[in-house]
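Below: one structure in structure tokens.
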Amino acid sequence: MSLRVVRIAAAALSVAACLLASPAHAGDAAALADCHIAGIRNGVLCGSLRRPLDPEHTERGTLEIKYVVVPAMARRKLADPVFFLAGGPGQSAVALAGQVMSLFSRLNNRRDVVFVDQRGTGGSAPLACQDPEDESLADQAQPERQLRLIAQCKAALLKQPYLKAESDLGFFTTTIAVQDLDAVRRQLGSERIDLVGGSYGTRVALEVLRQFPQSVRRTVIDGVAPADMALPASFSTDNQAAFDRLAESCAADPACAKAHPDLHARFAALLQSLPRQVKAQHALTGREEEFTLTRELGLGAVRGALYSPPLAAALPEAIDAASRGDYAGLIGLGATQVARKSTRLATGMHLSVVCAEDMPRLAASADKPGAEFGTTFAGMYEKLCAVWPRGAVPAAFYTLPRSDSPVLVLSGGIDPVTPPRHGARVAEALGPMARHIVVANAGHGVMAIGCMRDVVFRFIDAASDADALAVDTGCAARVPRPPAFVSPRFANAAASGAAR
């Protein structure tokens, strides 16, 4: 039961207004200071505000919410800033700023771009667990060790000054975090804002639309993870569907079909052979290790690669190689999702959200486990959440709001975690002000695809709501699926056969 597997997943709440009072009130001037952050060449503005840990009992103490404003380039900027909502749950928005600003460069000409570290992440009372950089493959395969690490993490977090009791870990839910976000909006003096959220950030955006609809001008949600999906259950269903699509694509490609016939049977046979002792090179340290390859580790590696079509294109070859005793490709593909520090999760915050919001709905989920993916992932979360405090979530959190402002809903057709079925349901609930666009050959996250960046820009920049909803999205249909990687010997044989 590896924390690394939790990080790969990454990747699904109402209190009376009088109880939401914070040190920041509408119209207050934001206390911003010049600063620099990694990945952004020019100077930015850093801000913070104090927020109650428990909005209903302010005497329980406060925590600090930190954020960054990338100022608009133009002197006469527009009044509505763009708020970026990070995924995970558990990613730091500020840590991602250097990577995602290229997506917002045109919007940043006339709009501020704001990155708020959600409570529990980055600089905002982080619930980050100690994450050994060189964790061995053998360590990752030991469920008991991973549970011990979670227990140690919880004990370490409870020594932080912003936590007084174990139950305080329950005040890091999406509902309360959204109230923090609105407090930042008010401190900045913005009447309305534009929201851009990916993956778990879409859940945050939907909760903003539910609690504070009057504060939102435009919303882009990419890879929709609504509150009414029980993530561990839906992951199995959606992982399976994405793998099935990969197998179908391979069967339809002559070179792939010749090199990897009946990919499903080979994958099933590989899983049936696990656990087993294997040797493979650690993708991050470069050391060759002997370890027990468990079913969970194997599924986690495949799941991680399915997020990105270019990586998924290498899965048929990696699965075939593993069936012949060469596990380097499969292990390497699994490591790609956790190699960058900026994309890593604050595991404590991740558990505080999933254990409170998703796990209570697991038993009632209508999603059927995938043939290969089964209930392994859900079982892992059940064990983790058994030792993690669970916060309270209001029933209204699970209702999808009706939107009075334009919402652009984006889905990748071969996304293994937030496929179009979730986006379609959400768009229908949001009503006529929502438009759902499916990029058939895209995986998890589509707004960074070249042509879709322009779609996002024109949607937010449009002068009227009607123009925003009428934005041309025809380029989505022209995004190709990367062909499966085929070793040269098979590619040459397929080419020779076609020539004859």
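Please read these numbers as outputs of a predicted model, since none were measured by experiment.
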- Task: For Glu191, look at atom CD and say whether over 12 heavy atoms of other residues, nucleotides or ligands are found less than 6.0 Å away.
- Result: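 Counting other residues, nucleotides and ligands, CD of Glu191 stays at 12 neighbours or fewer.
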
- With a 4.5 Å heavy-atom cut-off, do Pro406 and Phe459 have their side chains touching?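 When only atoms from C-beta onward are counted, Phe459 and Pro406 do touch, with a gap below 4.5 Å.
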
- Query: How long is the gap from CZ on Phe172 to CG on Leu351, to the nearest 0.5 Å?
  - Reply: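 Taking CZ in Phe172 and CG in Leu351, the distance rounds to 13.0 Å.
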
Show the atom names and distances, to 0.1 Å, of all donor-acceptor pairs under 3.5 Å that link a side chain in residues 34-43 to residues at least two apart or in another chain.
none

- Message: Using every non-hydrogen atom in the two residues, find where Trp388 and Ser352 come nearest and quote the distance to one decimal.
- Response: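 So the minimum-distance heavy-atom pair works out to NE1-OG, 3.0 Å.
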
- Set of residues satisfying side-chain hydrogen bond (donor to acceptor under 3.5 Å, both in side chains) with respect to Ser48, sequence neighbours excluded: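 Testing Ser48 for side-chain hydrogen bond (donor to acceptor under 3.5 Å, both in side chains), a comparison that skips the adjacent residues, returns Glu64.
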
- Task: Would you please name every residue forming a side-chain hydrogen bond (donor to acceptor under 3.5 Å, both in side chains) with Thr62, sequence neighbours left out?
- Result: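 Testing Thr62 for side-chain hydrogen bond (donor to acceptor under 3.5 Å, both in side chains), a comparison that skips the adjacent residues, returns Arg50.
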
- Message: Restricting to non-hydrogen atoms, name the atom on Pro482 and the atom on Ala313 that form the minimum distance, rounded to 0.1 Å.
- Response: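 Residues Pro482 and Ala313, closest heavy atoms: O-CB, 4.2 Å.
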
- Task: Count the heavy atoms of every other residue, nucleotide or ligand shown that sit under 6.0 Å from CG of Asp404, and state whether that count exceeds 12.
- Result: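 No, because the 6.0 Å sphere around CG of Asp404 holds 12 heavy atoms or fewer from other groups.
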
- Item | Residues Asp461, Arg110: salt bridge by 4.0 Å N-O rule |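 Looking at Arg110 together with Asp461, the answer is no, because their closest N to O distance does not fall below 4.0 Å.
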
- Query: Considering residues at least two apart in sequence or located in another chain, which fulfil the side-chain hydrogen bond (donor to acceptor under 3.5 Å, both in side chains) criterion with Asp238?
  - Reply: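 Counting only residues at least two positions away or on another chain, Asp238 forms a side-chain hydrogen bond (donor to acceptor under 3.5 Å, both in side chains) with Arg421, His422.
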
- Identify, with sequence neighbours excluded, every residue that meets salt bridge (charged side-chain N to carboxylate O under 4.0 Å, His left out) alongside Arg119.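 Residues passing salt bridge (charged side-chain N to carboxylate O under 4.0 Å, His left out) with Arg119: Asp180.
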
- Task: Sequence neighbours left out, what passes salt bridge (charged side-chain N to carboxylate O under 4.0 Å, His left out) with Asp182? Give chain and number order.
- Result: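 Per chain and number, Asp182 pairs via salt bridge (charged side-chain N to carboxylate O under 4.0 Å, His left out) with Arg185, Arg186.
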
- Message: Would you say Gln130 and Gln152 are linked by a side-chain donor-acceptor pair, where the criterion is simply a distance under 3.5 Å?
- Response: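 Side-chain D/A pair, Gln152 to Gln130: absent.
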
- Query: Do Arg390 and Met359 come close enough that some side-chain heavy atom pair is under 4.5 Å?
  - Reply: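 Side chain of Arg390 against side chain of Met359, heavy atoms only: contact under 4.5 Å found.
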
- Task: Using distance alone, with no hydrogens and no angle criterion, decide if Ser308 and His444 have a side-chain donor and acceptor under 3.5 Å apart.
- Result: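 Absent: no donor and acceptor within the cut-off.
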
- Query: Is it true that Arg218 and Asp465 have a side-chain N and a carboxylate O under 4.0 angstrom from each other?
  - Reply: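 A salt bridge links Arg218 with Asp465.
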
- Message: Tell me if a side-chain donor or acceptor on Asp467 pairs with a main-chain N or O of Ala462 at a distance below 3.5 Å.
- Response: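 Flag not set: sc Asp467 to bb Ala462 has no pair under 3.5 Å.
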
- For residues Leu53 and Asp168, determine if any side-chain heavy atom of one lies less than 4.5 Å from a side-chain heavy atom of the other.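 A side-chain contact under 4.5 Å exists here.
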
- Do Asp222 side-chain atoms and Val446 backbone N/O form a donor-acceptor pair below 3.5 Å?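 Yes, because the side chain of Asp222 sits within donor-acceptor range (under 3.5 Å) of the backbone of Val446.
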
- Task: For Thr173 and Val353, run side chain to side chain contact (heavy atoms under 4.5 Å, CB included): C-alpha distance rounded to whole Å, both residues' side-chain angles, the deciding distance at 0.1 Å, then the answer.
- Result: CA-CA 5 Å; Thr173 58; Val353 170; 5.8 Å; no

- Query: Are the side chain of Asn109 and the backbone of Met73 linked by a donor-acceptor contact shorter than 3.5 Å?
  - Reply: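 Not at all, since once roles are kept as given, no pair shorter than 3.5 Å links the two residues.
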
- Query: Under 3.5 Å, is there a donor-acceptor pair linking the side chains of Ser236 and Asn239?
  - Reply: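 The criterion, which ignores hydrogens and geometry beyond distance, is not satisfied for Asn239 and Ser236.
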
- Item | Taking every non-hydrogen atom, the tightest pair across Val208 and Ser215 |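 Taking every non-hydrogen atom into account, CG1-OG, 4.4 Å.
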
- Looking only at side chains, do Asn108 and Ser105 share a donor and an acceptor under 3.5 Å apart?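 Result is no, nothing qualifies.
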
- Message: Please list all pairs meeting disulfide (SG to SG under 2.5 Å) that have one or both residues in residues 381-423, counting only residues at least two apart or in different chains.
- Response: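 Pairs touching residues 381-423 that pass the test: Cys355-Cys385.
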
- Task: Ignoring hydrogens and angles, state whether a donor on the side chain of Arg435 or Thr473 is under 3.5 Å from an acceptor on the partner side chain.
- Result: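 Judged by distance alone, the side chains do pair up.
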
- Query: Cut-off 3.5 Å, side chains only: do Tyr200 and Gln118 have a donor facing an acceptor?
  - Reply: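 Checked: Tyr200/Gln118 side chains pair up, N/O donor to acceptor below 3.5 Å.
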
- Message: So that I can tick it off, tell me whether Asp80 and Arg217 are bridged by a salt bridge, with the cut-off set at under 4.0 angstrom between side-chain N and carboxylate O.
- Response: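 Salt bridge present between Arg217 and Asp80.
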
- Looking at Ala442 and Ile449, what are the two nearest heavy atoms and their distance?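 Closest approach of Ala442 to Ile449: CB-CD1, 3.8 Å.
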
- Looking only at heavy atoms, which two atoms of Ile437 and Ala476 are closest? And how far apart?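 So the minimum-distance heavy-atom pair works out to CG2-CB, 4.1 Å.
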
- Would you mind reporting whether Val82 and Ile193 have side-chain heavy atoms less than 4.5 Å apart?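 No, too far: nothing below the 4.5 Å cut-off.
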
- Query: Within the distance-only criterion (no hydrogens, no angle test), does the side chain of Thr399 pair as donor or acceptor with the backbone N or O of Ala396 below 3.5 angstrom?
  - Reply: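 Yes; at least one donor-acceptor contact below 3.5 Å.
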
- Sequence-distant partners of Glu59, side-chain hydrogen bond (donor to acceptor under 3.5 Å, both in side chains), two or more places apart: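 Checked Glu59 against side-chain hydrogen bond (donor to acceptor under 3.5 Å, both in side chains); matches are His57.
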
- Task: Under the salt bridge (charged side-chain N to carboxylate O under 4.0 Å, His left out) rule, collect the residues that match up with Glu166, sequence neighbours excluded.
- Result: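 Applying salt bridge (charged side-chain N to carboxylate O under 4.0 Å, His left out) to Glu166 gives Lys154.
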
- Is there a donor-acceptor contact under 3.5 Å from the side chain of Tyr67 to the main chain of Val94?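 Looks like no, no N/O pair under 3.5 Å.
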
- Task: Let me see the working for Asp228 and Arg361 under salt bridge (Lys or Arg N to Asp or Glu O under 4.0 Å), right down to the final yes or no.
- Result: CA-CA 8 Å; Asp228 65 350; Arg361 300 172 65 85; 5.6 Å; no

- Message: Between Thr237 (side chain only) and Lys368 (backbone N and O only), is there a donor and an acceptor less than 3.5 Å apart?
- Response: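 The answer is yes, because a donor-acceptor pair under 3.5 Å joins these two groups.
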
- Item | Gap separating the CZ atom of Arg192 from the OG atom of Ser405, nearest 0.5 angstrom |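 Arg192 CZ to Ser405 OG: 7.5 Å, rounded to 0.5 Å.
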
- Check Leu157 against Leu163 and note the closest heavy-atom contact, atom names and distance.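 Where Leu157 meets Leu163 most closely, the heavy atoms are O-CD1, 3.3 Å.
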
- Message: Between Gln187 and Ala183 (side chain of the first, backbone of the second, donor and acceptor by atom type, cut-off under 3.5 Å), is there such a pair?
- Response: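 No; zero donor-acceptor contacts below 3.5 Å.
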
- Message: Could you check whether any side-chain N or O of Ser199 sits under 3.5 Å from a backbone N or O of Gly201, counting only pairs where one atom can act as donor and the other as acceptor?
- Response: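 Here the side-chain-to-backbone pair does not exist.
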
- Query: Is the side chain of Thr202 donor-acceptor paired with the backbone N or O of Ala225 at a distance under 3.5 Å, no angle test?
  - Reply: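 The answer is yes, because a donor-acceptor pair under 3.5 Å joins these two groups.
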
- Task: Check the side chains of Asp117 and Ser92 for a donor-acceptor pair under 3.5 angstrom, ignoring hydrogens and angles.
- Result: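 Ser92 vs Asp117: donor-acceptor pair found between side chains.
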
Identify all side-chain donor-acceptor contacts of residues 426-433 below 3.5 Å with residues at least two apart in sequence or on another chain.
none

- Item | Arg106: partners by salt bridge (charged side-chain N to carboxylate O under 4.0 Å, His left out), with sequence neighbours left out |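 Only Asp454 meet the salt bridge (charged side-chain N to carboxylate O under 4.0 Å, His left out) criterion with Arg106.
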
- Heavy-atom check, side chain of Met452 versus side chain of Cys475, under 4.5 Å: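 SC-SC contact between Met452 and Cys475 confirmed.
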
- Query: Ring centres of Phe377 and Tyr381 under 6.0 Å apart?
  - Reply: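 Between Phe377 and Tyr381, the centre distance is under 6.0 Å.
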
- Query: Could you go step by step and tell me if Arg481 and Arg245 meet the side chain to side chain contact (heavy atoms under 4.5 Å, CB included) rule?
  - Reply: CA-CA 11 Å; Arg481 178 168 190 154; Arg245 290 283 302 277; 4.2 Å; yes

- Task: Would you mind listing every disulfide (SG to SG under 2.5 Å) that reaches into residues 162-237, with sequence neighbours excluded?
- Result: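 Every candidate disulfide (SG to SG under 2.5 Å) pair involving residues 162-237 fails, so no pair, neighbours aside, qualifies.
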
- Task: Quick one: pull up SG in Cys129 and CE in Met349 and give me the separation to the nearest 0.5 Å.
- Result: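 Interatomic distance, Cys129 SG to Met349 CE, rounded to 0.5 Å: 12.5 Å.
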
